[in-house]
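Structure first, commentary second.
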Amino acid sequence: MSLRIYNTQTRNKEAFVPLEENKVKMYVCGPTVYDTSHIGHARSVVVFDVVFRWLRHSGYEVCYVRNFTDVDDKIINRANELGQDPKQISERYINEFHNEMDALNVLRPTIEPKATEHIQEIIDFIQRLIDKGKAYHVPGSDVFFSINSFDEYGKLSGRNPDDMVPGSRIAVDDKKRDPKDFTLWKPAKPGEPAWPSPWGDGRPGWHIECSAMSYKYLGESFDIHGGGKDLIFPHHENEIAQSEAAFGKTFVRYWIHNGFVDINNEKMSKSLGNFTMIKDVLKDYHPEVIRMFLLSKHYRSPIDYNDTSMDEVISGLDRLYAFVERAQDAGATVSGIAPGKEWASFEDAMDDDFNTARAMATLFDTVKTGNRILDQQGETVTPETLSTVSTLCADLKRMGGILGILSQEPQDYFRAKKESGLAGKDLDGDAIEILIQERVAARQSKNFARADEIRAELEAMNIVLEDGPDGTTWKIG
RNA sequence: GGCGGCUUGGCCAAGUGGUAAGGCGACGGCCUGCAAAGCCGUUAUUCUCCAGUUCGAAUCUGGAAGCCGCCUCCA
């Protein structure tokens, strides 16, 4: 089995064959840093983080580029609102973004270029387009890309340029030769960030930065380009036009687009006021719960964020960690263990267009198999059983390594869960221990009424007791 | 108006021609003083509806209904 990828452009799953053997060049559109990142950004970043991990695991040397759009109308507007410099704004949100993604256990891309640090490359790119007759400068105004100079315009989104009704959405700008032409370079208004150029002081349009930066780091033609579904048109369509017009080569071989995150079955929007920020979600849920949630459905489908779904994921992740803990307690080791057949199922799922939802099922199958084996054991675990359980546990951890979960020791995971669960309660771990000791004494003297009373008291505070062979433990229910 | 997507058990969700993965929940059992956790078992003769192709369809074709996204520098 080898990797197959659904290509937005062909609308088919295709066998993945990189341009250069054993190497993959991948570009993903990063955020425009004008505001706090929301759960939708998290999905895109986590999805492509898993793509990155899977490609690397598959033996490819991956050059993964994810940009920051740090010059943009929205950043300028925001800066004006706050009376700050645009650079302060973008730096602040880049920092925030990095902190949140680190918290979500997202690997840093190979390169994270910023538009403002590639102005010269952008200018050179625009000049090349002008020289080739693909773009034109309106004196005293913008440089525009000429749609009519690129006859494959629309091939990614499946739109026919002739069907695009001029002025239906955007006011017709009569400086353009064609209403569908888009800006490559726009003149700066007073007080706005600006760079000198052959067309006067100004700044780049949005689309051109991605073409210029992907060209610089990945070349004229590369393997994978990703982003959110909304970027298909016009952003990615325009990137294709720019890059293919400039170099006359296929720009990108595989286009990957992730679906949206809805909130309680509604689209996130300013008018609904339901923007759900990553930093707020991180306050409510363990980072691995968030990752597991984002990967629980196929990346191209919409996914709905709501409390019920999150609670289901918590139960599932607890279950996985509980098995790791149980296996380790039984003496299982994970280092240096060869992959087992559970891992093969996981690989099949991941190779099938990064089907994390299906891959997730193999984690639970692994746990089920392992628990069953351990349950059938008596007091002493035979070497054969231990070996089997070690393989299962190692497979599970290996899967977790791809999805970016199960990265903690189970003890730490459950301890952190207890601590966060106790936060805000007028009860601490010591107080619970005292109650447990009282209950142990009550049980020993067969005073089960008192024992149950204590248990009920704790249960009312969402603390659940478990009486095991080695005594009583508790957890947050 | 143009383009695209979705509709699977109580809920979430895989599954693109060969007879319905997985999770959560629920119920019964083992275990337990009773519970909890874990395990075992049960929980869709059926995949929005209609018609067609086929030996065979959730999967292909045509049609209907409902929902959703993009066409606004929103991931």
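Scope of the values below: all heavy atoms of this structure, side chains included, with no hydrogens, waters or symmetry mates. Letters go in sequence order (proteins before strands), and every chain restarts at 1. Everything quoted here is computed from the prediction, not taken from an experiment.
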Considering all heavy atoms, the nearest [X]-[Y] contact:
X: A:Ile278; Y: A:Ile39; answer: CG1-N, 4.0 Å
X: A:Phe97; Y: A:Pro31; answer: CE1-CG, 3.7 Å
X: A:Met277; Y: A:Thr36; answer: SD-O, 3.7 Å

Between [atom2] on [N] and [atom1] on [X], what's the gap in Å once rounded to a whole number?
X: A:Glu237; N: B:C3; atom1: CD; atom2: C1'; result: 11 Å
X: A:Asp262; N: B:G69; atom1: CG; atom2: C1'; result: 9 Å
X: A:Asn258; N: B:A75; atom1: CG; atom2: C1'; result: 6 Å
X: A:Asn67; N: B:C73; atom1: CG; atom2: C1'; result: 13 Å
X: A:Ile303; N: B:G69; atom1: CD1; atom2: C1'; result: 16 Å
X: A:Asp35; N: B:A75; atom1: CG; atom2: P; result: 10 Å
X: A:Met292; N: B:A13; atom1: CE; atom2: P; result: 14 Å
X: A:Ile39; N: B:A75; atom1: CD1; atom2: C1'; result: 11 Å

Taking any heavy-atom pair under 4.0 Å as a contact, classify [X]: base, sugar-phosphate, or nothing.
X: A:Val261; value: base
X: A:Asp304; value: nothing
X: A:Leu231; value: sugar-phosphate
X: A:Gly40; value: base
X: A:Ser309; value: nothing

With a distance cut-off below 6.0 Å to the six-membered ring centre and an angular limit of 45° from the axis, does A:Arg398 pair with A:Phe346 as a cation-pi contact? no
A:Phe233 six-ring face occupied by A:Arg159 cation (under 6.0 Å, within 45°): yes
[atom1] atom, [N] versus [M]: distance in rounded Å?
N: B:G2; M: B:U48; atom1: P; value: 27 Å
N: B:A65; M: B:C50; atom1: C1'; value: 11 Å
N: B:G23; M: B:G33; atom1: P; value: 29 Å

Using the six-membered ring wherever Trp is involved, compare the ring planes of A:Phe182 and A:Phe145 and label them parallel, tilted or perpendicular (cut-offs 30° and 60°). parallel
Run the side chain to side chain contact (heavy atoms under 4.5 Å, CB included) test on A:Phe48 and A:Tyr64 for me, step by step, so that the C-alpha distance in whole Å, both residues' side-chain angles and the decisive distance to 0.1 Å come before the verdict. CA-CA 10 Å; A:Phe48 288 103; A:Tyr64 173 23; 3.8 Å; yes
Which nucleotide in B:A75, B:C11, B:A14 has an atom nearest any side-chain atom of A:His38: B:A75
With the side chain defined as heavy atoms from C-beta on, A:Arg11 is closest, among B:G22, B:G4, B:G25, to B:G4
Exercise: do A:Thr183 and A:Asp142 side chains pair donor with acceptor under 3.5 Å: yes
Report the distance from atom CZ of A:Phe68 to atom CD of A:Glu209, rounding to the nearest 0.5 Å. 12.0 Å
Could you tell me whether A:Asp365 and A:Lys368 make a salt bridge, using a distance below 4.0 angstrom between a side-chain N and a carboxylate O? no
Between A:Lys297 and B:A13, is there a side-chain N or O to OP1/OP2 distance below 4.0 Å? yes
Whichever of A:Lys13 and A:Ser315 has its nearest RNA chain B nucleotide further upstream toward 5': A:Lys13
Residue whose nearest RNA chain B nucleotide is more 5′ - A:Asp311 or A:Gly205: A:Asp311
How does RNA chain B read in dot-bracket, base by base from 5' to 3', with Watson-Crick or G-U pairs under 3.5 Å and | used when the partner is on another strand? ((((((((.[[[..)..(...]]]((((((.......))))))....[[[[[..)....]]]]])))))))....
Can you build the contact string for nucleotides 29-41 of chain B? Use B for base contact, S for sugar-phosphate-only contact, and - for no protein heavy atom under 4.0 Å. ----BBBBSSSS-
